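Here the structure is a predicted model, which is why all the values come from computation and not from measurement. Here is the naming used below: chain letters follow the sequence lines, and residue numbers restart at 1 for every chain.
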Amino acid sequence: MSEEKSLNFIEEIIENDLNSGKYETLVTRFPPEPNGYLHIGHAKAICLNFGLTQKYGGYTNLRFDDTNPVTEKTEYVNSQQEDIRWLGFNWKNELYASDYFDELYGFAVKLIEKGLAYVDESSADEIAALKGTPTEPGQDSPHRNRSIEENLDIFTKMKNGEFADGAYILRAKIDMASPNMLMRDPIIYRIKHAEHHRTGNKWCIYPMYDFAHGQSDSIENITHSICTLEYVSHRELYDWFIEKLEIFPSKQYEFARLNLTSTVMSKRKLLQLVNENLVNGWDDPRMPTISGLRRRGFTPKSIREFCERIGIAKRENLIELSLLEFCIREDLNKTANRVMAVLDPIKLVITNYEKGTEDLIGENNPEAEDGGGTRVIPFSNELWIEREDFMEVPAKKWFRLAPGAMVRLKFAYIVKCEDFVKDENGNVTEIHCTYIPESKSGSDTSGINVKGTIHWVSAPHAKTAEIRLYDRLFTSETPDAEEGDFKDYLNPESLTVLPNAYIEPALADADLDGRYQFIRKGYFCLDKDSTADKLVFNRTVTLKDTFKKPN
RNA sequence: UGUCCGAUAGUAUAAGGGUAGUACAACGGUUUUUGGUACCGUUUGUCUUGGUUCGAAUCCAGGUCGGACAACCA
């Protein structure tokens with residue numbers, strides 16, 4: 001028997017509509033405004049819309065909602081397309097609301113002819129004054145009852161560029177006393193003498209969102225127009241236009257947008273972080289943008305998995321960052337090769353190692369489906385190890401290096417700490433060990449069992465690299481909800497740069513697509529800032545750490 | 001003071017009148033040449049008050065709490 005996987009509320013609606021024969025083909029759309037970069041919240045909507053048509057058949061359009069020429073740019077169109085493709089989705093048609101400007105203009109004329117729209121020369125303040133409040137009804141504009149002929153005449157002149165911005169607007173004639181503020185004669189066209197990224201200067205009037213979105217859905221025969229909760233109150237208007245215009249009845253459904261702990265998601269706030277140089281651009285690896293996550297080392301698969309796991313519902317939610325971290329660890333654990341890098345080095349000298357150097361064999365990834373293969377790792381009597389792997393006075397349950405203690409050097413020998421050197425400030429500068437020749441990894445006949453295994457890099461063979469460690473961008477789990485400015489809660493330690501870490505020589509061939517586990521330190525990837533002489537690695541995420549530090 | 005939407009473990013999400021389940025998190029254990037992985041286990045929940053019913057997370061009514069709505073933005 002097949003496993004019954006439960007459906008979310010949108011899937012239920014779709015299955016009902018398909019089973020009842022209401023629709024034969026499912027058509028959805030992803031409709032971003034090209035005015036910024038896509039973030040993980042958009043990824044949720046992308047996975048939903050494209051995922052639905054992958055599951056039920058039909059197709060998904062990519063439609064740019066470009067009805068406001070002053071905020072939109074081709075640059076954003078391109079970056080948004082790149083991000084959607086990177087996530088692994090392909091749209092059926094690439095469309096633009098601006099493709100429909102002629103048709104939309106015709107719809108406006110039709111509404112005027114039906115006596116359902118009028119031009120209004122009131123100022124923005126005057127309109128606001130008559131709008132009422134959520135608890136009080138509004139009042140009719142003095143221009144509400146102009147003749148159809150006059151409305152048509154002025155609207156034509158608006159289109160022909162005879163008026164300055166703001167001189168007139170076109171409003172739907174609905175009900176100034178409606179409990180829904182959006183139904184109080186909403187503005188549907190405004191004059192904007194601005195160059196549009198696609199239509200250039202052809203138009204000087206542009207439709208508002210409410211007069212473009214539903215009609216665009218209808219033109220494309222979108223069956224299920226899925227958007228976020230803040231559009232719930234727009235649905236009444238959405239349906240009103242479709243009804244009065246007598247066009248294909250697309251239906252709008254709303255789900256709760258994604259909120260993630262310790263970050264912000266609003267475009268306005270992300271823009272502020274970029275503009276005020278609080279991060280290094282839209283693709284800063286600390287940003288929740290798709291491009292930031294990509295640069296950080298997240299995989300498309302991990303993001304799709306995340307979107308699958310968070311679910312689709314109508315209640316507001318705040319997802320814990322740990323779920324995103326789980327998703328990327330789960331993917332990388334199976335795919336990332338294991339290598340060794342020492343982030344905070346201290347010298348370890350093996351006093352009885354006479355061979356000079358030796359090539360050892362290391363497994364690339366025992367968790368990989370194909371076994372991962374092996375590589376050569378050079379070894380010598382002088383190594384770099386992690387400073388935190390040595391304690392002069394070991395804590396309870398410490399099973400790394402300490403005076404007299406033994407540990408396994410990963411892929412190599414067991415060593416015993418015999419001595420250490422301190423500088424005049426009391427800092428340990430060098431650790432002296434002896435090794436057990438019979439304990440070589442893979443052919444250990446020593447019979448010695450040690451609890452600790454530490455990573456290392458041979459000092460004479462090591463390459464250096466810059467390593468960038470990232471932590472959560474905000475110290476508050478809910479920076480949006482805190483008192484005062486959200487920027488007051490930025491985490492000052494969200495970025496730590498280690499300019500001179502040591503990496504094993506095999507990493508010299510790292511490329512931008514590679515994903516690596518630095519053994520015991522986390523998952524890393526090469527950053528685009530790398531040059532031939534200077535490699536830069538980003539830490540995608542740490543390994544899960546269940547070691548309870550003393551104290 | 002209005003209208004609309006919502007409420008299930010710490011966080012999400014199922015159960016659609018009949019055993020409140022799953023995942024992440026947390027905690028404990030086994031295995032381990034990564035204090036990782038894998039495997040096993042533990043803790044924690046139906047906002048509230050009534051009603052309908054043999055039986056309610058589910059249906060109904062009232063309340064409480066949270067969110068959205070007064071841009072010539074989307």
Side-chain angles (χ1 to χ4, degrees), chain A residues 4-8 12 31-33 35 65-68 70-72 97 120 122-124 127-129 131-138 165-171 178-184 186-192 205-206 208-210 212-213 227-236 254 256 261 267 309-327 329-330 333-334 338 340 363 366-367 397-400 407-412 414 439 441-442 444 449-455 477 517-522 542-549:
Chain A
E4 282 291 312
K5 194 179 180 298
S6 60
L7 303 177
N8 65 50
E12 286 187 15
E33 182 186 15
N35 70 344
D65 226 330
D66 55 349
T67 58
N68 186 357
V70 303
T71 58
E72 296 150 6
D120 193 336
S122 305
S123 70
I127 290 174
K131 190 114 189 177
T133 70
T135 54
E136 299 160 41
D165 289 8
Y168 284 94
I169 50 155
L170 183 70
R171 305 177 75 174
S178 171
N180 182 349
M181 299 285 291
L182 282 159
M183 300 300 280
R184 321 244 262 227
I187 295 169
I188 58 180
Y189 258 96
R190 77 284 211 189
I191 302 171
K192 262 185 202 287
I205 57 171
Y206 293 93
M208 298 287 288
Y209 166 85
D210 285 304
H213 201 98
C227 60
T228 48
L229 245 30
E230 64 265 35
Y231 291 98
V232 167
S233 55
H234 292 250
R235 189 175 60 233
E236 190 179 356
E254 311 88 10
T261 57
K267 202 169 279 179
R309 283 170 175 266
I310 58 180
I312 299 294
K314 296 188 80 152
R315 105 166 103 143
E316 276 115 39
N317 59 80
L318 179 62
I319 307 286
E320 293 173 348
L321 205 56
S322 60
L323 184 61
L324 222 206
E325 294 180 342
F326 168 81
C327 291
R329 285 192 189 113
E330 185 190 42
N333 177 49
K334 295 196 183 69
R338 269 113 247 238
M340 294 197 288
E363 290 178 291
E367 307 294 335
K397 288 202 178 174
W398 179 259
F399 44 86
R400 279 119 91 159
V407 295
R408 157 83 57 189
L409 296 171
K410 181 76 180 174
F411 303 130
I414 292 173
S439 67
S441 188
D444 185 346
N449 267 321
V450 293
K451 280 186 116 172
T453 299
I454 65 172
H455 61 281
E477 288 212 327
Q517 184 194 103
F518 290 3
I519 291 176
R520 302 207 301 137
K521 299 307 308 182
T542 60
L543 258 26
K544 195 173 169 189
D545 184 9
T546 53
F547 172 56
K548 281 177 286 306
K549 309 251 178 338

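Remark: P of B:A23 and CG of A:Leu321 are 21 Å apart, rounded to the nearest angstrom. Distance, A:Phe326 CZ to B:A26 C1': 15 Å, rounded to whole Å. In this structure, A:Asn317 places its CG atom 18 Å from P of B:A25, rounding to the nearest Å.
Here A:Phe399 lies in heavy-atom contact (under 4.0 Å) with a base. Nucleic acid contact class of A:Lys192 (heavy atoms, under 4.0 Å, all strands): sugar-phosphate only. Residue A:Glu367 is in base contact, counting any heavy-atom pair closer than 4.0 Å across all strands shown. A:Ala313 comes within 4.0 angstrom of the backbone, heavy atoms only, and of no base. Note on A:Arg338: a base of the nucleic acid sits closer than 4.0 angstrom, heavy atoms only. Residue A:Ser322 is classed as a sugar-phosphate contact, given heavy-atom separations below 4.0 Å to backbone atoms only. Base contact: A:Tyr231 has a heavy atom under 4.0 Å from a base atom. Using a 4.0 Å heavy-atom criterion, one finds that A:Gly442 contacts the bases of the nucleic acid, with or without backbone contacts as well. Among the protein residues, A:Leu318 comes within range of the sugar-phosphate backbone only, with heavy atoms under 4.0 Å from sugar or phosphate atoms but none that close to a base. Backbone-only contact: A:Leu323 has heavy atoms under 4.0 Å from sugar-phosphate atoms and none from a base. Using a 4.0 Å heavy-atom criterion, one finds that A:Arg309 contacts the sugar-phosphate atoms exclusively. Nucleic acid contact class of A:Ile310 (heavy atoms, under 4.0 Å, all strands): sugar-phosphate only. Using a 4.0 Å heavy-atom distance criterion, A:Asp65 is classed as a sugar-phosphate-only contact. Residue A:Glu325 is classed as having no contact, given no heavy-atom separation below 4.0 Å to the nucleic acid.
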Verdict with supporting geometry, A:Asp210 and A:Leu182, side-chain contact (heavy atoms from CB on, under 4.5 Å): CA-CA 9 Å; A:Asp210 285 304; A:Leu182 282 159; 4.0 Å; yes
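Nearest-nucleotide positions on RNA chain B place A:Thr135 closer to the 5' end than the other of A:Ala256 and A:Thr135. The residue among A:Asn333 and A:Asn68 whose nearest nucleotide of RNA chain B lies closer to the 5′ end is A:Asn333.
Atom CD of A:Glu367 sits in a crowded spot, with more than 12 heavy atoms from other residues, nucleotides or ligands closer than 6.0 Å.
Under the 3.5 Å distance criterion, the side-chain polar atoms of A:Thr261 are matched with a main-chain donor or acceptor of A:Leu321. A donor-acceptor pair is defined here as one N or O able to donate and one able to accept, closer than 3.5 Å; no such pair exists between the side chain of A:Arg190 and the backbone of A:Gly166.
Between A:Tyr231 and A:Tyr209, the angle of the ring planes lies from 30° to 60°, which puts this pair in the tilted group.
Contact check, A:Ser233 against B:U3: no side-chain N or O comes under 4.0 Å of OP1 or OP2. Between A:Lys131 and B:C69 there is no side-chain polar atom (N or O) within less than 4.0 angstrom of OP1 or OP2. The shortest distance between the side-chain N/O atoms of A:Arg520 and the OP1/OP2 oxygens of B:G35 is below 4.0 Å. Here A:Arg315 reaches the OP1 or OP2 of B:U13: one of its side-chain N or O atoms lies under 4.0 Å away.
Between B:G63 and B:A26, the distance separating the two P atoms is 42 Å to the nearest Å.
Relative to the side chain of A:Lys544, the nucleotides B:A26, B:U33, B:G10 differ in distance, and B:A26 lies closest.
Between A:Glu330 and A:Arg309 a salt bridge is recorded (basic side-chain N to carboxylate O distance below 4.0 Å).
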